[in-house]
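What follows is a single structure, written as structure tokens, with notes after it.
The analysis underlying the following values was restricted to heavy atoms, covering all of them including side chains, and did not include hydrogens, waters or symmetry mates.
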Amino acid sequence: GRNINVMNDGLIINNGKVTLCGRGEGKCCPIMEKFDDYRVKITDDYGGYVILTHEQAKLVASGLNLLEESREKLLFD
């Protein structure tokens, strides 16, 4: 396959894998890749990984938002 390296808002796409580096943080850059037709695999810097269905992976951003809202409520209540 072709080696494609595209950076878009902290996401680097290379050889069918997406590196999640955030906005210039560069410390911890998990890698997301297709596991099969229904799941993705996210691997951390230490080789640990989680396999999520596409539906679960789509919920990650919403889950993060809820955690941030909960944190703010705890700090300011």
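Both cation-pi conditions hold for K41 and Y49: the charged atom is under 6.0 angstrom from the six-membered ring centre and inside a 45 degree cone around its axis.
Checked by atom type and distance alone, the side chain of N15 never pairs as donor or acceptor with a backbone atom of K17 at under 3.5 Å.
Remark: L52 CG to K58 NZ distance equals 12.5 Å, nearest 0.5 Å. We find the CG-OH distance between D36 and Y38 to be 8.0 Å, quoted to the nearest 0.5 Å. Going from atom CG of N14 over to atom CD of E33 covers 12.0 Å, rounded to the nearest 0.5 Å. Going from atom NE2 of H54 over to atom CD of Q56 covers 10.5 Å, rounded to the nearest 0.5 Å. Annotation: the span from I31 atom CD1 to T43 atom OG1 amounts to 6.5 Å, rounded to 0.5 Å.
A side-chain contact (heavy atoms from CB on, under 4.5 Å) with F35 is found for one member of I51, V40, T53 and no other, namely I51.
Minimum heavy-atom separation, I42 to P30: CG2-CB, 3.9 Å.
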Exercise. Starting from the C-alpha separation in whole Å, work towards a yes-or-no answer on side-chain contact (heavy atoms from CB on, under 4.5 Å) for L20 and V18.
Key: CA-CA 6 Å; L20 313 169; V18 178; 3.8 Å; yes
